[in-house]
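I have placed the structure first, in the form of C-alpha cells, so that the comments after it can refer back to it.
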Amino acid sequence: MTRKAPAEDPGDARLRVGPPKEYAAGIPAVTSSLRHAGEQMGARRSLLTLLQVNQKGGFDCPGCAWPEPEHRHRAEFCENGAKAVAEEATLRRVTPDFFAEHTLDDLLPRGDYWLGQQGRLTHPMYRPAGSDRYQPISWDDAFAVIARELTALAHPGQAAFYTSGRASNEAAFVYQLFVRMLGTNNLPDCSNLCHESSGSALTETIGIGKGSVRLDDLHEADLILVVGQNPGTNHPRMLSALEQAKRRGARIIAVNPLPEAGLLRFKNPQRPSGLLGGGTRLADQFLPIRLGGDQALFQAFNRMLLEAEDEAPGTCLDTSFIDRYTHGFEEFAEQARKASWDDILEATGLPEEEIRAAFRQVLAADKVVVCWAMGLTQHRHSVPTIRDVVNFLLLRGNIGRPGAGLCPVRGHSNVQGDRTMGIYEKPDGAFLDALGAEFAFTPPRQHGHDAVETIRAMRDGDVRVFVALGGNFVAAAPDTELTERALRNCRLTVQISTKLNRSHVIAGERSLILPCLGRTEADEGPSGPQLVTVEDSMGMVHLSRGRLAPASEHLLSEVAIICRMARATLDETGPQVPWEDFEADYDRIRDRIERVIPGFGDFNTRVRRPGGFALPHPPRDERRFTTATGLANFTVNPLEWPHVPPGRLLLQTLRSHDQYNTTIYGLDDRYRGVRQGRRVLFLHPDDLTERGLAEGDLVDIVSEYGDGVERRARAFRAVPYPTPRGCCAAYFPETNVLVPLDSTAAVSNTPTSKSVVVRLEPASADTQPRA
Ligand SMILES: Nc1nc2c(c(=O)[nH]1)N[C@H]1C(S)=C(S)[C@@H](COP(=O)(O)OP(=O)(O)OC[C@H]3O[C@@H](n4cnc5c(=O)[nH]c(N)nc54)[C@H](O)[C@@H]3O)O[C@H]1N2
Ligand SMILES: Nc1nc2c(c(=O)[nH]1)N[C@H]1C(S)=C(S)[C@@H](COP(=O)(O)OP(=O)(O)OC[C@H]3O[C@@H](n4cnc5c(=O)[nH]c(N)nc54)[C@H](O)[C@@H]3O)O[C@H]1N2
Ligand SMILES: [Mo]
C-alpha cells in the first residue's frame, strides 16, 4: 500500500533549509501577502479586495475563525488571510476546455499544489460511469442525476453528506434540513477531523461544546497558556490579541514540541513601530513538551494546586466557586493528588524545575486563559487531556468571569457556526424536535456516520452516494489509500466546490463537480444582493457580503445548489418546504433558523447591526452549566501518554506556513526556514545521527500500527530541528497516507494525526525525486 512521491511536487530538488525564525509577521509577512495576491489577482483587484476583508459591510475572511476586534484596522487581515482571499479571487479558471484536455488518468499524478493552482471552477461538470473525463452538464441535468441516485438507494442511510467549515450558516441550515428530510443523520464534517475532541470534552464538563472566552477576556488575562497551537501561521490575528494582553502585563506560556516563531516574538504589521522595531516578545516561558505529554502537564499543575491549598488553606483554590458551581471535586482531588512525578516527567520530557517555574506563574495569576488547537485534539487521549484542562480552570474559578476561561481556537472560518446550524451526526433530541415541529416532519433519530465511520461505510459498500459541501475529503481524511478506495467504491460522488482538488480526481463510479460562488463574490438574487452569516470561534455571529464579480456566470451559490438539489430529490407529496423562497431571499432562511435554534431571536435585525451579536453561552454569561448534573463537572482521568517502541519515532502531521489545509499556496515554510519544498521531516539532531543519517538525507517514513498494512510515505528530506528526542514532524496532506483509519481519539473518534508511530528507512532509489 504505497504511493510514489507525486512527480508534480516540483521544487523538492530545489529544497533549501535554513535556521528557523524567531519572530512572526513583520515586513516579510507584508511582502508575502502582496506577492501572493498580485500573482493571483493583479495589483488593482488585490487592493480593492483586501480592503474589504473583515470590514463591517465587507466579507468575512475565509481564512480562520479568529474573531474581529471591536475597533478594526483599515487592513484587518493577515498574511495568510490575504493568501486565502487571493486563492479564491484568483483570475485563473478551470473551464470545460481544461477537462477536455485532461483525463482523470492525466490528473491523477498531479499534486495538490498543481491542482489548486489551476484556478476557479466555472461550469458544472459530470463524469458518467465508465468515462475517463468530465464533460459539461446543465444544472438541471446535474440535479436530476443526484435525485436519481439518491432515490434509488435501498434506504437514505446509504448516502453521506460531508461539510467543510467554510459553508455559511444559511447553506448549512438548508443542507442539514434537506438531509434529515431525506431521512438520515449521516452528516460527517471537518470538525470530526479537527476540534471534535474539544466539543466532546467541553459538552460533558461544562454543558456546551464551545469555548468560554471573548476577545476582551484575552486582553484582560493575567496568564495565557497557548498549548498545541501555532498561531503565527494558522491564526495570525491572534498575535495582535496576545500582544495587547502582553502590553497590559499578561504573561504567556507556550507549550509546544516546536519553538514556533509566532509564539516567541511578534512584529505587528498593522503598526509602523511593529514593522520596524524588535517586535514584542510573546512567550515568557516556552515548554518544549513531548508530543502527547499535555495531560501529564495539566495533571502536574492540578496536583500542585491542591498541594498549595493544603499548605495554606483558603489561599489557592476558589472554594466558593467549587462548592456552588461544580460537581465531583472530592473524587477528582483524591485522584489528582496521586499523580506521579515519575510519570509526569516521562510523559512531558520536561525538567521538573521547568514545570515548577510554570506553576509559579499559574499561582501568581488571578485570571487564566488556556488556548489550544490541533496539538491537543488529535491524539488518542485528547478528550481526557482537555477534561484535565477543564479541571485546571475549575480549581480556581477560571470559567465564567472576565479575563479567564477556555479558548479552543477553531479552524475553518464557520466550522463553529455549521455545528450550531445542526451539521452533526449525533444531533440532540431538542434540536430534532424543534426542526421537526417547524417543518412538519419526523427527523430521523438514529445517529449517523462521522467522517471515519463514513469512510468505513463507503469501503464496505454501505454508503453508496457521497456529497460534499466544500472541502477536499480525500486529501483531508486519514489513511489516504483506504479513503481513495472507499470513495471509488461509491456509485456517485458530488463535490460542491470553488476550486479543483484531489476529491474531483479520486471519485466514485460517476461524479459531479458543482461549482459555487465563494465568499468574496457578489451573490445577486432576484430580490437583491444576498448576505450570509457566520459564527466565529468566540460565538459572535455577523454578516458577510461578497462584492467581486463571480468567477463565472454559470456559478450558483451554495444555498441555491442545496435548495435545487432538495427540490429535485424530495418527494413532492411529502411535507412542503419553500425551497424556492429560501433560495430567493436568505432572510427567509434566517427566519426559520430563529425559530429552530436558541439564541437567534430577532436574527435578521440583530445581525445587521454593526459587528453582529453574541450567541448565549451559559457558563460564560451566567455560570450556568447545562450538564447532566446541572453543574460543571470535575472528572477523573487516568494519565495517558503515547508509548513509543524503541527505535521508533512519534510523528505529528501539521501545516506549513504556505498552505490552508489541503490547499497549497506555495512551497515555503518561512518561519521554519524551509524554502521550495514540502517533503521534509523535522527531527532532533541526535535522532538523526543515531540512525546513521545526515542532514538532507532522503528517508521513507513507515507507519507502524500493527494491523499488517504497510503505510509508507516516500522520499522525505531529514531536517535536524529543535524538537524533543523521539518526536518528529512533517506536513499533511502528504503524510495522511501514514495515519491509520482505526487510530482515533477515544470518545471523539478524531484521527490521531499528531501521534503516529513511525520508523525511518533510507529512501529506495527509484523514489528519489527528479531534478
Ligand atoms: N494559514 C492557515 N490557517 C489555518 C489553517 C491552515 O491550514 N493554514 N487551518 C485552519 C484549521 S482547519 C485549523 S483546525 C487550525 C489549525 O491550527 P493549529 O492547530 O495551529 O495547526 P497545526 O499546524 O496542526 O499545528 C499544531 C501545533 O501544535 C503543536 N503540537 C502538535 N502536537 C502537540 C502536542 O502533543 N502537544 C503540544 N503542546 N503541542 C503539539 C505543533 O507543533 C504545532 O505548533 O488553523 C486554521 N487556520
Ligand atoms: N494528517 C492530518 N490531516 C488533517 C489535519 C491534520 O492536522 N493532519 N487537519 C484536519 C483538519 S483540522 C481539518 S479542518 C480538515 C480540513 O478538511 P477540509 O475542510 O475538507 O479541507 P480543505 O483543504 O479546507 O478544503 C479545501 C477545498 O474547499 C473548497 N472550497 C474552498 N472555499 C469554498 C467555499 O467557499 N465553498 C465551497 N463549497 N467550497 C470551497 C475548495 O474546492 C478547496 O479545494 O483536514 C484534517 N486533516
Ligand atoms: Mo480544522
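Computed from a predicted structure; not experimentally measured. Only heavy atoms go into these numbers, but all of them, side chains included; no hydrogens, no water, no symmetry mates.
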So, are Arg120 and Glu521 salt-bridged, with charged N and O less than 4.0 Å apart? yes
With the threshold set at 4.0 Å, does a side-chain nitrogen-carboxylate oxygen contact exist between Asp60 and Arg519? yes
If only atom types and distance count, is the side chain of Ser164 paired as donor or acceptor with the main-chain N or O of Gly470 below 3.5 Å? no
Ignoring hydrogens and geometry beyond distance, is a side-chain donor-acceptor pair present between Thr420 and Glu535 at under 3.5 Å? yes
Main-chain N/O of His554 paired to Trp139 side chain as donor or acceptor, under 3.5 Å: yes
Would you please name every residue forming a salt bridge (charged side-chain N to carboxylate O under 4.0 Å, His left out) with Arg510, sequence neighbours left out? Glu149
Taking only residues two or more places apart in sequence, or in another chain, which ones meet Asp707 in a side-chain contact (heavy atoms from CB on, under 4.5 Å)? Tyr705, Val709, Arg711
The complete set of side chain to side chain donor-acceptor pair (under 3.5 Å) pairs with one or both residues in residues 455-478, sequence neighbours excluded, reads Arg456-Asp742, Asn472-Ser503, Asn472-Thr662
I'd like to check the salt bridge (charged side-chain N to carboxylate O under 4.0 Å, His left out) partners of Arg655; sequence neighbours left out, ordered by chain and number. none
Flag for Thr744-Asn749: side-chain donor and acceptor within less than 3.5 Å: yes
To the nearest 0.5 Å, atom CG of Asn185 lies from atom CG of Asp450 at 12.5 Å
Modelled atom types, side-chain donor and acceptor of Ser511 and Arg127, under 3.5 Å: yes
Under a 3.5 Å threshold, yes or no: a donor from one side chain and an acceptor from the other, between Thr103 and Asp105? no
Does one side chain, of Arg678 or Ser656, offer a donor that lies under 3.5 Å from an acceptor on the other? yes
If the threshold is 4.0 Å, N to carboxylate O, is there a salt bridge linking Glu734 and Arg679? no
Sorted by chain and number, sequence neighbours left out, salt bridge (charged side-chain N to carboxylate O under 4.0 Å, His left out) with Arg180 holds for none
Can Asp433 and Arg445 be counted as an ion pair, charged N to O under 4.0 angstrom? yes
Look at the side chain of Ser382 and the backbone N and O of His379, then say whether any donor-acceptor pair between them is shorter than 3.5 Å. yes
Under 3.5 Å, is there a donor on one side chain and an acceptor on the other for Thr520 and Glu88? yes
Distance alone, cut at 3.5 Å: any donor-acceptor contact between the side chains of Asn501 and Asp112? no
Give a yes or no on whether a salt bridge exists between Arg588 and Asp581, defined as a side-chain N under 4.0 angstrom from a carboxylate O. no
Do the side chain of Lys754 and the main chain of Thr653 share a donor and acceptor less than 3.5 angstrom apart? yes
Less than 6.0 Å separating the ring centroids of His412 and Tyr660? yes
Aromatic contact between Phe466 and Phe473, with the criterion being ring centroids under 6.0 Å apart: yes or no? yes
Extract all donor-acceptor atom pairs below 3.5 Å that involve side chains of residues 560-569 and protein atoms in other chains or at least two apart in sequence.
| unit_1 | atom_1 | unit_2 | atom_2 | d |
| --- | --- | --- | --- | --- |
| Arg564 | NE | Glu583 | OE1 | 3.3 |
| Arg564 | NE | Glu583 | OE2 | 3.1 |
| Arg564 | NH2 | Glu583 | OE2 | 2.7 |
| Thr569 | OG1 | Met565 | O | 2.7 |

